2 protein chains.
Amino acid sequence: MKKLQIEKLQSEVRQEQLARAALALIAADGLKKLSVARVAQRVGLVPSAIYRHFAGKNELLDAVLEVIREQLHANVAAVSDQTRDPMERLELLLMAHVRLIRENQGFQRVIFSDELDNGLPDRKVRVYTMISGYLKRVAGIVAEGQLSGSIRKDIDPDTVSVMFLGLIQPAAILWHMSAGKFDITRHVNKAWPVFRAAITAQ
Amino acid sequence: MKKLQIEKLQSEVRQEQLARAALALIAADGLKKLSVARVAQRVGLVPSAIYRHFAGKNELLDAVLEVIREQLHANVAAVSDQTRDPMERLELLLMAHVRLIRENQGFQRVIFSDELDNGLPDRKVRVYTMISGYLKRVAGIVAEGQLSGSIRKDIDPDTVSVMFLGLIQPAAILWHMSAGKFDITRHVNKAWPVFRAAITAQ
DNA sequence: GTATATTGTGAATTAGAATTCACATAGTCT
DNA sequence: AGACTATGTGAATTCTAATTCACAATATAC
């Protein structure tokens, strides 16, 4: 008898598809409730099929991280295309970051969850590397601003980059915890001018 | 035959003891790996004994949250005892917060974990309320500073309080992820002067 | 078109962990 | 001391979820 089977896809395509499905599920219900079975179901596969494309749940999560990394990277690139002015780049990046978070709670949930912690230090290190990479780009923008004279030269760009993250991060968490009640956009709009003034060269 | 049994303790004492044991385990290995069995073992009890003191794991986690809330509360109170100057209070609180985090990674791990998420919105709301309460106290200090003229009056105290949290929060996460490699104290020491200048009335 | 490799299926296995329960022991009250 | 209640024990139960495996269907290479 001929069994009806879902279309076969090449592993690379499936991997991407599965990673995005996983991220969507995480956004909706959190990492804790993410099961291999649910990811499979979401793309119309049977649980065991996952193992044709990933060695296990860990590798699937690695792929999810990769998706996030790419997205952050793309944000920086897009912003750099829009303007050459460092301060404007920071502002645009901030807004882009907020948008990213609002559109995809999954990011926060993935990055700050212990669920990722395997026991192996690998995973945590990977996330750290990913965030560090993002911060390094931000620090790069800051350094440009210092060179061009628009940003105070007496502050460490790395410090500024972490503070920059601090404009969004706690707000994102409050937003998430309050189920949308805390207005993250409003906060960022009010906090940015204060931050900008603090780093602007006089 | 007479079985050797651990000393019996009143439920209230045990509850506190168990909550602290749980927090210690979370700090060490993360919320994901926290099992009722391990908590019991840590205080020399058998797993099922937990249920004499808590209705279930959820209630145990509630008790852990309570411990954290009390600690944050105590921090604000201690700082307010040390000085009456608002700006000094903020600085002391910042340092106290850093110390708290350094001494107890568990705090971060508990608060930002999806593990807490039951499905019931209860838990998330509770954590949100807890953090909001902390932020309200910070905002209160800021408002005092505005009254006494040391802090700019054109910034919303609530915004400042979230930014204040932003001085520590991302740093704490980086510190945690980097297994101590990222120097949170150094960051805060460099970021604080920038932040202080940003909110100081001129 | 046929052989071969790749991808999908369904059932079974395994493991970890929460929870329950009948029984045992220790405090406490009189 | 006797009785009652609170706390601790150990075994059994149940559930969830990851993972494995033999087999089936599909795609790809020749």
Side-chain angles (χ1 to χ4, degrees), chain A residues 1-19 21-22 25-26 28-64 113-120 122-123, chain B residues 1-19 21-22 25-26 28-64 113-120 122-123:
Chain A
M1 171 184 118
K2 203 173 177 173
K3 283 195 215 168
L4 195 60
Q5 206 176 251
I6 197 180
E7 182 190 11
K8 274 193 179 182
L9 290 181
Q10 290 194 1
S11 200
E12 227 171 73
V13 180
R14 271 278 188 253
Q15 282 173 7
E16 170 98 13
Q17 183 191 28
L18 288 168
L25 287 173
I26 292 166
D29 300 321
L31 197 42
K32 184 190 181 182
K33 292 189 192 156
L34 184 77
S35 70
V36 171
R38 298 214 331 137
V39 175
Q41 185 193 10
R42 190 159 222 266
V43 301
L45 286 177
V46 100
S48 58
I50 302 288
Y51 296 86
R52 293 289 173 213
H53 309 285
F54 294 104
K57 194 181 184 180
N58 277 333
E59 284 69 23
L60 171 59
L61 289 178
D62 281 339
V64 171
S113 177
D114 272 325
E115 210 66 23
L116 286 177
D117 205 344
N118 279 318
L120 316 173
D122 280 1
R123 183 67 56 71
Chain B
M1 172 185 116
K2 200 172 182 174
K3 286 194 214 171
L4 195 60
Q5 207 176 253
I6 197 179
E7 181 190 12
K8 279 191 179 183
L9 289 182
Q10 291 193 1
S11 199
E12 227 172 75
V13 179
R14 272 277 187 252
Q15 282 174 6
E16 170 98 15
Q17 183 192 28
L18 287 168
L25 287 173
I26 292 166
D29 300 322
L31 195 41
K32 184 189 180 183
K33 292 189 192 157
L34 185 76
S35 70
V36 170
R38 299 217 326 140
V39 175
Q41 185 192 10
R42 190 160 222 265
V43 302
L45 286 176
V46 99
S48 58
I50 302 289
Y51 296 85
R52 293 287 174 215
H53 307 287
F54 295 104
K57 193 182 185 180
N58 276 333
E59 285 67 24
L60 172 58
L61 288 178
D62 281 340
V64 171
S113 177
D114 273 325
E115 209 67 24
L116 285 177
D117 206 342
N118 278 318
L120 316 172
D122 279 2
R123 184 68 55 71

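Below, read A as the first sequence line, B as the second, and so on, with proteins coming before strands; counting in each chain starts at 1. All values derive from a computational prediction rather than experimental measurement.
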Atom pairs under 3.5 Å, N or O on each side, protein against nucleotides 12-14 of chain C: can you list them with distances?
none

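- For D:dG8, one of the phosphate oxygens OP1 or OP2 lies less than 4.0 angstrom from a side-chain nitrogen or oxygen of B:Arg14.
- Considering all non-hydrogen atoms of both residues, B:Leu34 and B:Ala22 come closest at CD1-O, 3.8 Å.
- Rounding to the nearest 0.5 Å places NE2 of A:His53 at 11.0 Å from CG of A:Leu60.
- In this structure, A:Gln41 atom CD and D:dA18 atom P are separated by 13 Å, rounded to whole Å.
- For A:Leu31 and D:dA17, the CG to P distance is 13 Å, given to the nearest whole Å.
- Taking every heavy atom of residues 46-55 of chain A and every atom of DNA chain C, pairs under 4.0 Å involve A:Val46, A:Ser48, A:Ala49, A:Arg52, A:His53, by number.
- Here B:Leu34 lies in heavy-atom contact (under 4.0 Å) with sugar-phosphate atoms only.
- Here the closest heavy-atom approach between residue A:Ala19 and residue A:Val64 is recorded as O-CG2, 3.7 Å.
- Rounded to whole angstrom, the span from the CG atom of B:Leu60 across to the P atom of C:dA17 amounts to 15 Å.
- Closest heavy-atom contact between B:Asn58 and B:Arg123: O-NH2, 3.1 Å.
- Here B:Glu59 pairs with B:Phe54, B:Ala55 under the side-chain contact (heavy atoms from CB on, under 4.5 Å) rule; sequence neighbours left out.
- Between the C1' atom of C:dT19 and the CG atom of B:Leu45 lies a distance of 16 Å, rounded to the nearest Å.
- Summarising the geometry, the separation between CG on A:Leu25 and P on D:dA17 is reported as 13 Å, rounded to the nearest angstrom.
- In this structure, A:Lys57 atom NZ and C:dG16 atom P are separated by 15 Å, rounded to whole Å.
- Spacing between atom CZ of A:Arg38 and atom P of D:dT16 amounts to 13 Å, rounded to whole angstrom units.
- The nearest pair of heavy atoms linking B:Lys33 to B:Arg38 is O-NE, 3.9 Å.
- Atom CZ of A:Arg14 sits about 5.0 Å away from atom CD of A:Gln17, to the nearest 0.5 Å.
- Nearest heavy-atom pair across A:Ile50 and A:Leu18 is CD1-CD2, 3.6 Å.
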